[in-house]
Amino acid sequence: MTDTAKTAVLGAGAFGTALATVVARRGEPVVLLGRDRDRMLEAGRKRVNEPALPGVALSDSITVTADETRLRSADLILMAVPAQSLRTAARTYRDFIPQGANLVICAKGIERESGSFLADVLASEMPDNPVAVLSGPGFAADIARALPTAMTLASASRQAAESLVGRLSGNRFRLYASDDLFGVQTGGALKNVLAIGCGIVEGRGLGDSARAALIARGLAELMRFSAAHGGRARTVSGLSGLGDLVLTATSHQSRNLRFGLALGEGRQPSELMAPGAPLSEGAFTATIAAKISLENQIDMPITQEVAAILRGETGVDEAVENLMTRPLKSE
C-alpha cells in the first residue's frame with residue numbers, strides 16, 4: 001500500500017518522524033525519507049526511529065527508506081530538513097520530485113548565506129512546485145504522542161493553504177490556514193533568537209520578570225520586522241508568532257532555550273556552535289536578522305544583543321546592561 005503513498009516526508013529527524021505519524025493517524029500511507037541508509041533500514045525493521053524520536057512506534061503505513069525514487073509518486077512533500085540545509089536538499093532531491101507537487105517547508109529560519117527566507121530559497125530552486133510553510137508551537141515529541149497541537153500553514157494562495165490544511169489536520173493536530181507567507185515565516189525564524197535570549201535570562205538567574213519583559217519586547221521586535229517586509233500584525237499575534245514564541249521561550253524541550261541557558265551559565269558560543277553540537281537554528285538566524293534590521297533601520301535591540309553575544313563581541317552582563325540603559329521610550 002505504501003508504494004503508492006501520495007504524501008512523503010523528506011527528513012527523518014524528530015520533527016519529520018512526528019509529521020509522518022500525523023499522516024499515518026489519518027489512515028493514509030506515507031513515505032519517511034532519510035539520508036542514512038543503515039539507520040533507515042534499522043528504523044524500518046524495529047519500527048522506531050532512534051535516536052531521533054525514541055519510544056514512538058511507527059505504524060505499518062509508514063515506509064521508512066533512503067530510496068529517493070519513493071518521492072516520484074508523491075503530490076505532497078513535507079520538507080522537514082534544517083533551515084540551513086534546505087537549498088542543498090532541494091538540489092539533491094528535485095530530480096525525483098514531480099513538477100507541481102506541493103512542497104511544505106517545516107523548518108524555521110533565514111538562510112545564512114543569502115539572507116533569504118526559506119520560501120524564497122525553495123521557490124528559486126524548484127520554481128515549478130507550489131511552496132507553503134508550516135509553523136507554530138509544536139514540539140515533535142508532543143505531536144508524535146498525539147497531544148493536542150495547533151499550528152499555522154501558510155501559502156501565497158489562501159485556497160491552496162486551506163486545501164493543505166484539510167489534508168493534514170486531524171483530531172489532535174489542528175492547522176489554521178494563512179496567506180501571510182512572510183508573516184508566518186518571520187515568527188518562526190525570530191522566535192528562536194528570542195528564545196536564546198530567554199535562556200540567557202534563566203541561565204543568569206535574572207528572574208521571571210526579566211523573562212516576561214523579554215518576551216513582550218521581543219514580540220514588539222518581531223512585529224516591526226514583519227511589518228517592514230509586508231507581514232500582518234494579526235499573524236504575529238497568532239500561533240506562528242506569539243504562540244511559538246511563548247512555547248520556545250519557556251519550555252526546556254526547546255533547543256534554542258537550552259542553548260541560551262548554557263550561554264547564561266557561562267559556556268562559550270564557539271563551544272556550543274562547534275560541529276556535532278546540538279542544532280540551534282536561532283544561533284544562525286540571529287546574526288543575519290541583526291544584519292537585515294540594521295540595513296533596513298528596524299529597531300531590534302534584543303536581537304542585536306543576542307547576535308553580539310554569539311559573535312563574541314559582547315558579554316552577557318554587558319548585553320543586559322545595554323538593554324536596561326537604553327533611552328527611555330513610550331510603549
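Under the 4.0 Å criterion applied to side-chain N and carboxylate O atoms, R37 and E68 are assigned as salt-bridge partners. Salt-bridge annotation for D180 and R234: absent, with no side-chain N of the basic residue lying under 4.0 Å from a carboxylate O of the acidic one.
Contact of the L33 side chain with the L71 side chain is registered, since non-hydrogen atoms from C-beta on lie closer than 4.5 Å. Between L78 and I105, the closest side-chain pair of non-hydrogen atoms is not below 4.5 Å. With a 4.5 Å cut-off on side-chain heavy atoms, S280 and L272 do not count as touching. Here the side chains of Q84 and E281 are in contact, with some heavy-atom distance below 4.5 Å. Within the 4.5 Å cutoff, side-chain heavy atoms of I62 are placed close to those of R47.
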Sequence neighbours left out, cut at 3.5 Å: what donor-acceptor pairs do the side chains of residues 124-137 make with other protein atoms?
unit_1: S124; atom_1: OG; unit_2: R87; atom_2: NH1; d: 3.4
unit_1: S124; atom_1: OG; unit_2: D120; atom_2: O; d: 3.4
unit_1: S124; atom_1: OG; unit_2: V121; atom_2: O; d: 2.7
unit_1: E125; atom_1: OE1; unit_2: R91; atom_2: NE; d: 3.1
unit_1: E125; atom_1: OE1; unit_2: R94; atom_2: NH1; d: 2.7
unit_1: E125; atom_1: OE2; unit_2: R87; atom_2: NH1; d: 2.8
unit_1: E125; atom_1: OE2; unit_2: R91; atom_2: NE; d: 3.1
unit_1: E125; atom_1: OE2; unit_2: R91; atom_2: NH2; d: 2.9
unit_1: N129; atom_1: ND2; unit_2: P98; atom_2: O; d: 2.8
unit_1: N129; atom_1: ND2; unit_2: A101; atom_2: O; d: 3.0

Which atom pairs, donor and acceptor, lie under 3.5 Å between side-chain atoms of residues 260-270 and protein residues at least two apart or in another chain?
unit_1: R267; atom_1: NE; unit_2: E271; atom_2: OE2; d: 3.1
unit_1: R267; atom_1: NH2; unit_2: E271; atom_2: OE2; d: 2.9

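Interatomic distance, T17 OG1 to N49 CG, rounded to the nearest 0.5 Å: 4.0 Å. Of the inter-residue distances, the one linking C198 atom SG with I215 atom CD1 reads 4.5 Å to the nearest 0.5 angstrom. Interatomic distance, CG of L219 versus CG of L194, reported as 8.5 Å (0.5 Å rounding). Distance CZ/R158 to OG/S178: 6.0 Å, rounded to 0.5 Å.
The hydrophobic clustering, which links ILVMFWY residues whose side-chain heavy atoms are closer than 4.5 Å, places L58 and L41 apart. In terms of hydrophobic clustering, with Ile, Leu, Val, Met, Phe, Trp and Tyr side chains grouped at heavy-atom distances under 4.5 Å, V22 and V64 are assigned to a common cluster. Each of I110 and L86 belongs to its own hydrophobic cluster when Ile, Leu, Val, Met, Phe, Trp and Tyr are linked at side-chain heavy-atom distances under 4.5 angstrom. Under a hydrophobic-cluster definition in which Ile, Leu, Val, Met, Phe, Trp and Tyr are linked whenever side-chain heavy atoms come within less than 4.5 Å, directly or via other members, V236 and L153 are assigned to different clusters. Transitive grouping of hydrophobic side chains (ILVMFWY, heavy atoms separated by less than 4.5 Å) brings I77 and L181 into a common cluster.
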- Go through the steps for T186 and M223 under the test side chain to side chain contact (heavy atoms under 4.5 Å, CB included), then give the verdict. CA-CA 9 Å; T186 298; M223 286 182 169; over 6 Å; no
- Task: Could you please spell out the steps behind the side chain to side chain contact (heavy atoms under 4.5 Å, CB included) verdict for D75 and N102?
- Result: CA-CA 6 Å; D75 62 10; N102 290 285; 5.5 Å; no
- Report the C-alpha separation of R72 and D95 in whole Å, then their side-chain angles, then the decisive distance to 0.1 Å, and conclude whether the salt bridge (Lys or Arg N to Asp or Glu O under 4.0 Å) test is met. CA-CA 9 Å; R72 288 181 171 150; D95 289 343; over 6 Å; no
- Hey, mind stepping through L175 and T152 against side chain to side chain contact (heavy atoms under 4.5 Å, CB included) and telling me if it holds? CA-CA 5 Å; L175 298 181; T152 302; over 6 Å; no
- Does the pair V31 and T7 meet the rule for a side chain to side chain contact (heavy atoms under 4.5 Å, CB included), with working shown? CA-CA 7 Å; V31 168; T7 303; over 6 Å; no
- Task: Show your reasoning for whether side-chain hydrogen bond (donor to acceptor under 3.5 Å, both in side chains) applies to T63 and T65.
- Result: CA-CA 6 Å; T63 296; T65 183; over 6 Å; no
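Checking side-chain atoms of E305 against main-chain N and O of V320 turns up no donor-acceptor pair under 3.5 Å. Distance alone, capped at 3.5 Å, places no donor-acceptor pair between the R39 side chain and the G34 backbone. Formation of a donor-acceptor pair under 3.5 Å by the S254 side chain with backbone atoms of T248 is found in this model. Judged by distance alone, the side chain of S226 and the main-chain N or O of L222 form no donor-acceptor pair under 3.5 Å. Not a single donor-acceptor pair under 3.5 Å links the side chain of N296 to the backbone N or O of I298.
A donor atom on one side chain and an acceptor atom on the other are found under 3.5 Å apart for T303 and E221.
Listed by first and then second residue, the salt bridge (charged side-chain N to carboxylate O under 4.0 Å, His left out) pairs that reach into residues 130-151 come to none, sequence neighbours excluded. Among pairs with a residue in residues 184-197, those fulfilling salt bridge (charged side-chain N to carboxylate O under 4.0 Å, His left out) read K191-D244, at least two apart in sequence or across chains. Within the structure, the salt bridge (charged side-chain N to carboxylate O under 4.0 Å, His left out) test picks out the following pairs touching residues 10-26 (sequence neighbours left out): R26-E28. Listed by first then second residue, pairs satisfying salt bridge (charged side-chain N to carboxylate O under 4.0 Å, His left out) with a partner in residues 318-331 read R217-E331, D299-R326, D299-K329, not counting sequence neighbours.
In R255, the CZ atom is not crowded: 12 or fewer heavy atoms of neighbouring residues, nucleotides or ligands sit closer than 6.0 Å. Atom CD of Q99 has 12 or fewer heavy atoms from other residues, nucleotides or ligands within 6.0 Å. Other residues, nucleotides and ligands place no more than 12 heavy atoms under 6.0 Å from the CZ atom of R174.
Taking Ile, Leu, Val, Met, Phe, Trp and Tyr as members and joining any whose side-chain heavy atoms lie under 4.5 Å apart, directly or through other members, the hydrophobic cluster of Y176 also contains L239. With side-chain heavy atoms closer than 4.5 Å counting as contact, directly or through intermediates, the hydrophobic cluster containing F139 also holds L247. Through direct or indirect side-chain contacts shorter than 4.5 Å among Ile, Leu, Val, Met, Phe, Trp and Tyr, F284 is connected to L279. Under the 4.5 angstrom side-chain criterion for Ile, Leu, Val, Met, Phe, Trp and Tyr, the cluster partners of V56 are L53.
Every ring pair (Phe, Tyr, Trp, His ring centres under 6.0 Å) that F225 has, sequence neighbours left out, goes to H229. F117 pairs by the ring pair (Phe, Tyr, Trp, His ring centres under 6.0 Å) definition with F182, not counting sequence neighbours.
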